[in-house]
Amino acid sequence: AMAGPLEPHLEALRRELDPAVLSVLLALLAVAITLLIWRFVQGRRSSRKAVLLLGLCDAGKTLLFARLLTGKYRDTQTSITDSSAVYRVSNDKSANVTLIDLPGHESLRLQFLERFKAAARAIVFVVDSVAFQREVKDVAEFLYQVLVDSTVLKNAPALLIACNKQDVTMAKSAKLIQQQLEKELNTLRVTRSAAPTSLDATGGPAQLGKKGKDFDFSQLPMKVEFVECSARGSKGEEGDADFEGLEKWLAKIA
């Protein structure tokens with residue numbers, strides 16, 4: 001298809017050049033076009049510098065945000081707007097991302113996701129590991145809305161499920177949270193298939209996971225990881241946060 005408008009020029013080259021030389025030139029042209037496409041794709045990715053902190057109210061997003069930026073504990077309250085700041089990777093000052101803490105209130109979270117989703121290089125979805133058993137349906141509902149969003153599906157930002165508040169004895173493990181979320185998301189997929197709310201790139205209903213198979217996170221177009229963390233830390237307000245896994249993940253995606 002590409003040769004059409006170039007055909008007269010190629011024909012002239014065929015008459016004037018040795019076939020072997022022409023083959024080399026065409027191969028170099030193909031390589032150049034491939035490199036241009038690759039640079040375009042990489043450029044689009046590098047323009048997405050935001051890491052969105054999502055989750056329900058009281059999951060601990062804002063304290064995680066503050067701890068990552070300052071290292072210090074501070075009292076927080078339910079956010080009604082977004083907060084953003086540049087986060088620099090500790091072992092590489094030139095590597096940085098923009099952390100954006102989004103409100104978790106049910107009436108606000110989707111409109112803020114709509115505003116920032118196109119800029120997302122990655123998403124940290126924060127889960128309250130203590131309240132998880134009670135909130136699992138609400139957590140899965142919000143995560144489902146994120147995962148079937150057409151922009152999220154297209155850009156496929158890296159996704160980290162941060163299982164917060166692990167300093168509390170009753171906290172659920174990351175493994176259990178993953179299993180329960182996969183089960184709930186599978187149920188949601190079945191019940192929502194009759195009335196989809198999102199469209200995929202072809203204009204049809206967005207499909208979560210693989211048709212005919214029980215859902216699991218490996219079926220998604222983005223890489224999904226789980227970590228256990230504690231924004232408060234095991235030593236309370238005077239100690240450090242416990243989120244080494246989160247920091248390593250941020251360093252990897254920055």
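Everything quoted here is computed from the prediction, not taken from an experiment. This chain uses plain numbering: 1 for the first residue, then up along the sequence.
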Candidates Thr76, Thr78, Asp101 - the one meeting side-chain hydrogen bond (donor to acceptor under 3.5 Å, both in side chains) with Thr62: Asp101

Stepwise, does the salt bridge (charged side-chain N to carboxylate O under 4.0 Å, His left out) test hold for Lys235 with Asp240? CA-CA 7 Å; Lys235 296 181 181 179; Asp240 293 329; over 6 Å; no

If you apply the rule side-chain contact (heavy atoms from CB on, under 4.5 Å), what do you find for Leu68 with Leu246, and how did you get there? CA-CA 9 Å; Leu68 283 167; Leu246 172 57; 4.0 Å; yes

Transitively linked via ILVMFWY side-chain contacts under 4.5 Å: [X] with [Y]?
X	Y	answer
Phe125	Val130	no
Phe116	Ile80	yes
Leu113	Leu159	yes
Tyr73	Phe243	no
Leu63	Val124	no

Assess Arg109 against Phe142: is NZ or CZ under 6.0 Å from the centre of the six-membered ring, and within 45 degrees of the ring's axis? yes

Taking [X] for the side chain and [Y] for the main chain, is one N or O donor matched with an acceptor at less than 3.5 Å?
X	Y	value
Arg74	Ala66	no
Glu182	Phe215	no
Thr191	Leu188	yes
Asn155	Pro157	no
Lys61	Leu56	yes
Gln219	Asp214	yes
Arg88	Asn96	no
Arg121	Ala50	no

List the steps and the verdict of side-chain contact (heavy atoms from CB on, under 4.5 Å) for Val152 and Met222. CA-CA 9 Å; Val152 174; Met222 69 282 288; 3.7 Å; yes

Between Gln166 and Ser129, does any side-chain donor sit less than 3.5 Å from a side-chain acceptor? yes

Show, in sequence, the C-alpha distance, side-chain angles and deciding distance for Lys252 and Glu225, and conclude whether the salt bridge (charged side-chain N to carboxylate O under 4.0 Å, His left out) test is met. CA-CA 12 Å; Lys252 185 169 59 175; Glu225 297 179 56; 2.9 Å; yes

Check whether any side-chain heavy atom of Glu244 sits under 4.5 Å from a side-chain heavy atom of Trp249, and report yes or no. no

Given side chains that start at C-beta, do those of Glu228 and Ser173 come closer than 4.5 Å, heavy atoms only? yes

Decide side-chain contact (heavy atoms from CB on, under 4.5 Å) for Gln178 and Ile161; before the verdict, give the C-alpha distance in whole Å, the side-chain angles of both, and the deciding distance to 0.1 Å. CA-CA 9 Å; Gln178 178 176 348; Ile161 311 293; over 6 Å; no

Tell me, with the steps shown, if Ile123 and Leu54 meet side-chain contact (heavy atoms from CB on, under 4.5 Å). CA-CA 7 Å; Ile123 294 172; Leu54 307 179; 3.7 Å; yes

Classify the ring geometry between Phe226 and Phe217 as parallel (under 30°), tilted (30 to 60°) or perpendicular (over 60°). perpendicular

Going through the checks in order, is the side chain to side chain donor-acceptor pair (under 3.5 Å) test met by Ser230 and Asp167? CA-CA 6 Å; Ser230 171; Asp167 56 294; 2.6 Å; yes

Who are the salt bridge (Lys or Arg N to Asp or Glu O under 4.0 Å) partners of Glu184, not counting sequence neighbours? Lys137

Quick one: list whatever passes side-chain contact (heavy atoms from CB on, under 4.5 Å) with Ala85, sequence neighbours left out. Phe65, Leu69

